[in-house]
Novice: 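Have a look at the structure that comes next, please.
We use all heavy atoms of the structure for the numbers below, so side chains are in, but hydrogens, waters and symmetry mates are not. Since we're looking at a predicted model, the values are computed, not measured.
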Amino acid sequence: QVQLAESGGGLVQPGGTLTLSCTASQSISTANSMRWYRQVPGKERELVARIYSDDTIDYSPNVRGRFTISRDNAKNTMYLRMINLNPEDSGVYYCNIWWPVGSHTRTEYTYWGQGTQVTVSS
């Protein structure tokens, strides 16, 4: 079974910066997509950012221009760099990776990290 280990969360003041990491126990070079979600208090889960195997990227309009998703295949790790944080960014952030079951198929399997808490407060 694949494990996704998350780190980098914590308490930061408004306007501050945090970088989250998600390290997988198997290669991410073959992954179809890698995603960051967040569960914001009082709101439903939000897809924050997504990166595909060809490095195509998309962002939630709520974070575009402030957050950057990236990956390091050699370390089996993806990152979320967050700048100019505001209290509305507080929540539990989850990494989520999708792999193909086989070559040239539409079938995928997915694993989730256990979440890392981000709190933006003065």
Novice: How far does OG1 of T77 sit from CE of M34, to the nearest 0.5 angstrom?
Specialist: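 Interatomic distance, T77 OG1 to M34 CE, rounded to 0.5 Å: 9.5 Å.
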
Novice: Give me the atom names and distance for the closest heavy-atom approach of Y94 to G113.
Specialist: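 Closest heavy-atom pair between Y94 and G113: CD2-O, 3.6 Å.
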
Novice: Within a 6.0 Å radius of atom CD on E46, are there more than 12 heavy atoms belonging to other residues, nucleotides or ligands?
Specialist: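 Atom CD in E46 is packed in, count exceeds 12.
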
Novice: Just so I know, are the side chains of Y37 and V48 near enough to count as touching, which here means a heavy-atom distance under 4.5 Å?
Specialist: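 The answer is no; the side chains never approach within 4.5 Å.
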
Novice: Do S27 and N73 get their side chains close enough for a donor-acceptor pair, meaning under 3.5 Å?
Specialist: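 Side chains of S27 and N73: no pair found under 3.5 Å.
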
Novice: Is atom CD of Q114 surrounded by more than 12 heavy atoms (other residues, nucleotides or ligands) closer than 6.0 Å?
Specialist: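 Incorrect, the count does not exceed 12.
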
Novice: With the side chain counted from C-beta on, respond yes when R71 and D55 share a heavy-atom pair under 4.5 Å apart, and no when they do not.
Specialist: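 Touching, per the 4.5 Å side-chain cut-off.
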
Novice: Give the ring-plane orientation class for Y109 versus W99, where under 30° counts as parallel, over 60° as perpendicular and anything between as tilted.
Specialist: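 Parallel, since the angle between the ring planes stays under 30°.
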
Novice: Please check if any side-chain donor atom of Y79 sits under 3.5 Å from a side-chain acceptor atom of R81, or the reverse.
Specialist: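 There is no such pair between these side chains.
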
Novice: Tell me, with the steps shown, if V2 and S25 meet side chain to side chain contact (heavy atoms under 4.5 Å, CB included).
Specialist: CA-CA 6 Å; V2 178; S25 61; 3.7 Å; yes

Novice: I would like to know whether M78 and W36 meet side chain to side chain contact (heavy atoms under 4.5 Å, CB included); could you show each step before the answer?
Specialist: CA-CA 9 Å; M78 72 165 176; W36 286 99; 3.7 Å; yes

Novice: List the atom of S122, the atom of P14, and the distance in Å for their closest heavy-atom pair.
Specialist: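 So the two residues come closest at N-CD, 3.7 Å.
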
Novice: Could you go step by step and tell me if F67 and L85 meet the side chain to side chain contact (heavy atoms under 4.5 Å, CB included) rule?
Specialist: CA-CA 9 Å; F67 289 15; L85 287 161; 3.9 Å; yes

Novice: Quick one: CD on E108 to CH2 on W98, what's the gap to the nearest 0.5 Å?
Specialist: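 Nearest 0.5 Å value for the CD-CH2 distance: 6.0 Å.
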
Novice: Salt bridge or not for D58 and R64, using N-O below 4.0 Å?
Specialist: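 So D58 does not pair with R64 through a salt bridge.
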
Novice: Give the C-alpha distance, both sets of side-chain angles, the deciding distance and a yes or no for side chain to side chain contact (heavy atoms under 4.5 Å, CB included) between R50 and I69.
Specialist: CA-CA 7 Å; R50 176 169 52 195; I69 188 171; 5.6 Å; no

Novice: Report whether V63 and V40 are members of the same hydrophobic cluster (ILVMFWY, side-chain heavy atoms less than 4.5 Å apart, transitive linking).
Specialist: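 V63 and V40: separate clusters.
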
Novice: Calculate, to the nearest 0.5 Å, the distance between atoms CD1 and CG belonging to I97 and N32 respectively.
Specialist: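 Reported value, rounded in 0.5 Å steps: 11.5 Å.
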
Novice: Out of curiosity, C95 SG to Y111 OH, how far, rounded to the nearest 0.5 Å?
Specialist: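 Spacing of SG (C95) from OH (Y111) equals 13.5 Å.
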
Novice: Contact between T56 and I51 at the side-chain level, heavy atoms closer than 4.5 Å - yes or no?
Specialist: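 They are not in side-chain contact.
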
Novice: Report the distance from atom CG of L18 to atom CG of D89, rounding to the nearest 0.5 Å.
Specialist: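 Spacing of CG (L18) from CG (D89) equals 10.0 Å.
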
Novice: Using side-chain heavy atoms (C-beta onward) and a distance below 4.5 Å, is T68 in contact with Y59?
Specialist: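 The answer is yes, as the side chains (C-beta and beyond) meet within the 4.5 Å cut-off.
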
Novice: Is the NZ or CZ atom of R38 both under 6.0 Å from the centre of the six-membered ring of Y93 and within 45° of that ring's axis?
Specialist: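 Verdict for Y93: no cation-pi partner in R38.
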
Novice: So do V92 and T116 actually touch side chain to side chain, heavy atoms under 4.5 Å?
Specialist: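 A side-chain contact is absent here, since even the closest heavy-atom pair is not under 4.5 Å.
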
Novice: Is there a side-chain contact between E6 and W112 (heavy atoms, below 4.5 Å)?
Specialist: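 Not in contact.
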
Novice: Are any of the side-chain heavy atoms of L4 and C22 separated by less than 4.5 Å?
Specialist: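 Yes - at least one pair of side-chain heavy atoms lies under 4.5 Å apart.
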
Novice: Distance from K75 atom NZ to I28 atom CD1, nearest 0.5 Å?
Specialist: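 Rounded to the nearest 0.5 Å, the NZ-CD1 separation comes out at 11.5 Å.
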
Novice: Spell out, as yes or no, whether a donor-acceptor pair under 3.5 Å connects the side chain of T119 to the backbone of S90.
Specialist: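 No: the side chain of T119 does not pair with the backbone of S90.
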
